Amino acid sequence: MIGRRALLAAPALLSLPARAQVRRNDLEALALPVKQDDTVARGYRRDVLVRWGDRVTFDAPAWNPRRPDPEGSAAQFGWDARVAAIAVPTQQAADGIPRAVLAMLHPTVDPAFAFPGGRDQPAAAAAMQGASLLNLEKRGRGWVVVDGGFQSRRLGGGTLCRVSGPTGGGGSIRGVLGLAGGCVTPWGTLLLAEGDPGPWLARLGNLDPRFANAAGFGWVVELDPFDPQSVPVKRTALGRFAHGDVAATLSRDGRAVVYLTDRRVGGFLFRFLSAGPATGEDVLDSGSLSVARLDGDRFTWLPLPAGVPDPVATAAKAGGSPLDTPSGLGLDPTRPRLLLACHGSPARPAGHVIELTAAEGDDGAATAGAVLLFAAGDPRSAEARYGRAGLPRGSAWPENPDTVTVDTRGRAWIGTDRGGRVGPQAEGLYACDLDGPGRGVPLPIYGAPRAASIGGAALTPDGEVLFTAVRHPGAEPGGNFDRPATRWPEFQAGVPPRSTLIGLVRNGGGAVGGPGGG
């Protein structure tokens with residue numbers, strides 16, 4: 001965990017950067033009351049786009065939540081939902097219509113809320129988890145999800161994957177389990193990170209012998225989002241552990257850089273640096289893995305021995321700094337800047353967000369500057385810190401930041417996740433400027449319905465639509481499939497609540513971040 005001295009007392013860690021540009025803040029104070037419906041900031045509209053059970057592939061059957069079918073679930077949107085990334089083609093289509101592929105993850109399936117009677121159905125659960133790739137296209141001033149689009153596909157417990165790199169290179173395995181985070185790479189692929197495979201393997205152990213092979217899961221998976229026939233590749237050089245998120249960029253000399261979080265209390269931040277330029281098909285199969293050590297206001301990358309079977313154990317011996325459940329990662333597309341969302345720990349239960357700036361603007365450098373963007377929690381508490389301005393009176397505050405995305409206007413979008421635990425306010429999606437007078441002041445744009453969490457965010461290339469995911473609404477401890485805390489988004493008797501992909505659109509048009517915003 002970050003030491004109390006480093007996080008709360010080191011002046012450099014709390015300072016604002018010298019170069020700060022003034023921008024107008026288009027958001028305002030907003031309370032997020034706990035209720036069965038959601039809350040949307042004034043000036044914005046929320047659109048429901050895809051829900052649990054909606055079809056992803058063209059041949060998906062109609063959703064019947066009371067009779068879950070493994071084959072049908074493998075073609076439908078999963079029970080849980082998290083936004084991973086938007087992939088944009090490098091060449092525009094012949095018809096001139098802007099298009100993209102949105103990668104959605106389905107990390108978990110809670111049997112108490114996914115199945116009638118709460119009795120687990122492992123085969124259906126294996127199909128409900130995984131990932132959905134959805135076709136997007138712009139129509140008029142808006143963006144839509146194309147029903148049954150050509151590039152739409154599902155990944156799940158039966159997906160054939162190639163295994164590449166120093167461990168099991170050349171082999172194959174079926175299944176991806178518990179995908180927890182993802183990103184688009186500068187070389188045009190998707191990286192999807194498997195989380196802790198242990199609970200899934202215990203759950204599916206009697207389903208198929210392949211789930212007895214623990215070494216086949218817990219990797220980062222790479223695939224071509226634009227080729228629905230492409231075979232995902234498990235990249236073993238990136239290490240096997242319980243990933244929280246992944247982010248990819250390039251070093252100054254053109255090598256691939258991949259940041260990875262080890263999502264545990266006391267987990268580590270890792271970085272992979274490829275041996276060669278990011279131009280080859282298997283660029284992620286050869287390179288060096290390092291762990292971050294925090295020294296006051298600086299992270300230093302400590303190289304790990306090549307081919308280590310357990311990066312986490314090796315990182316501890318190498319001197320890596322344990323962090324407060326490192327979770328979400330967000331790279332700034334405008335400058336070498338990385339945001340790290342730490343979910344929290346017993347010492348600092350509300351969590352915080354750290355900004356890393358690569359030395360000399362090079363993500364391949366041996367060090368990076370580290371400053372605290374904000375320390376989350378009730379602003380009346382001693383540890384909460386929200387920039388120089390502080391939160392405006394009456395506004396909700398973030399607690400347990402779990403996901404973070406940075407847009408092309410220098411604004412971070414941060415989602416919170418308390419795992420269904422209901423507190424004094426709803427979970428929220430917050431916008432936080434990284435420069436100017438509003439730096440470090442997260443303002444809510446959306447509040448989730450009761451017991452739901454926020455599953456990431458991504459903006460369309462033109463900034464017109466902000467996608468976010470509402471995870472497991474109604475899944476409050478003590479509830480079940482027939483007695484959820486809410487039936488959002490349909491509010492129909494007998495219809496369970498559904499994890500949902502939503503779009504937030506600014507009323508009257510214009511970029512979601514607004515003039516001068518992100």
Side-chain angles (χ1 to χ4, degrees), residues 50-54 56 65 68 70 73-74 76-84 103-116 118-132 154-159 175-182 192-205 207 211 217-218 221 241-246 261 263-264 325 327-328 343 400 402-403 415-422 427 448-456 468-481 484-486 488 496-501:
V50 185
R51 306 154 299 179
W52 167 36
D54 286 344
V56 173
S73 296
Q76 297 165 339
F77 197 75
W79 181 82
D80 195 1
R82 184 197 186 285
V83 176
M104 298 293 301
L105 309 180
H106 311 297
T108 68
V109 179
D110 186 338
F113 293 92
F115 305 118
R119 183 176 180 179
D120 196 14
Q121 300 183 36
M128 288 179 182
Q129 63 88 46
S132 294
R154 278 284 273 115
L155 310 179
T159 300
V176 294
L177 294 179
L179 293 171
L192 306 179
E194 293 181 303
D196 182 3
W200 275 109
L201 294 173
R203 188 174 181 181
L204 306 178
L207 196 63
F211 295 122
F217 305 94
V221 182
F241 52 90
H243 302 93
D245 205 359
V246 59
T261 55
R263 197 185 186 284
R264 303 172 299 114
T325 315
S327 300
H343 187 265
N400 301 120
D402 199 63
T403 61
T416 66
D417 184 353
R418 293 193 299 269
R421 177 173 54 88
V422 177
E427 302 279 27
R450 187 179 181 97
S453 299
I454 300 296
T468 190
V470 177
R471 303 182 61 181
H472 51 71
E476 187 173 343
N480 55 45
F481 181 92
T486 178
W488 187 91
R498 305 164 77 174
S499 293
T500 300
L501 169 67

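Each residue takes its place number in the sequence, starting with 1. What you see is a predicted model, and the numbers here were worked out from it, not measured in a lab. Every heavy atom of this structure was used, including side-chain atoms; hydrogens, water molecules and symmetry mates were not.
The side-chain contact (heavy atoms from CB on, under 4.5 Å) search around Ala242 returns Asp196, not counting sequence neighbours. A search for salt bridge (Lys or Arg N to Asp or Glu O under 4.0 Å) contacts involving Arg450 returns Glu476, not counting sequence neighbours. Every side chain to side chain donor-acceptor pair (under 3.5 Å) that Glu194 has, sequence neighbours left out, goes to Lys234. With sequence neighbours excluded, no residue forms a ring-ring contact (aromatic ring centres under 6.0 Å, His included) with His343. Applying the side-chain contact (heavy atoms from CB on, under 4.5 Å) rule to Gln129 yields the partners Val109, Leu177, Trp200; only residues at least two apart in sequence or on another chain are considered. Arg154 meets the salt bridge (Lys or Arg N to Asp or Glu O under 4.0 Å) test with no other residue; sequence neighbours excluded. In this structure Ala180 satisfies the side-chain contact (heavy atoms from CB on, under 4.5 Å) test with no other residue, sequence neighbours excluded. In this structure, the ring-ring contact (aromatic ring centres under 6.0 Å, His included) partners of His106, at least two apart in sequence or on a different chain, are Phe77. In terms of the salt bridge (Lys or Arg N to Asp or Glu O under 4.0 Å) criterion, residue partners of Arg264 (sequence neighbours excluded) are, by chain and number, Asp262. Looking at residues two or more places apart in sequence or on another chain, you find a ring-ring contact (aromatic ring centres under 6.0 Å, His included) between Phe211 and Phe217. Residues passing the salt bridge (Lys or Arg N to Asp or Glu O under 4.0 Å) test with Asp54 are Arg51, Arg498, sequence neighbours excluded. With sequence neighbours left out, Ala74 forms a side-chain contact (heavy atoms from CB on, under 4.5 Å) with Ala127.
For the atom pair CG of Asp245 and OG1 of Thr403, the computed distance is 8.0 Å after rounding to the nearest 0.5 Å.
Under the 3.5 Å distance criterion, the side-chain polar atoms of Ser453 are left unmatched by any main-chain donor or acceptor of Asp417. Looking at Ser499, its side chain does come within 3.5 Å of a backbone N or O of Trp79 through a donor-acceptor pair.
Between Ala131 and Leu179, the closest heavy-atom pair is CB-CD1, 3.7 Å. The heavy-atom pair separating Thr261 from Ser327 by the smallest distance is OG1-O, 2.8 Å. Closest of all the heavy-atom pairs between Ala81 and Ala469 is O-CB, 3.7 Å. Residues Asp120 and Ala125 come closest through the heavy atom pair OD1-CB, 4.2 Å. For the residue pair Val470 and Pro449, the shortest heavy atom distance occurs at CG1-CD, 3.8 Å. Between Ala126 and Leu207, the closest heavy-atom pair is CB-CD2, 4.3 Å.
Taking 4.5 Å as the limit, every side-chain heavy atom of Phe113 sits out of range of all side-chain heavy atoms of Pro496. Val83 places a side-chain heavy atom less than 4.5 Å from the side chain of Met104. By the 4.5 Å heavy-atom criterion applied to side chains, Leu105 and Leu192 are counted as neighbours. When side chains are defined from C-beta on, Leu204 counts as touching Pro122, because their heavy atoms get closer than 4.5 Å.
Checked against Asp402 for a salt bridge (Lys or Arg N to Asp or Glu O under 4.0 Å), the options Arg82, Arg263, Arg418 give a single hit: Arg263.
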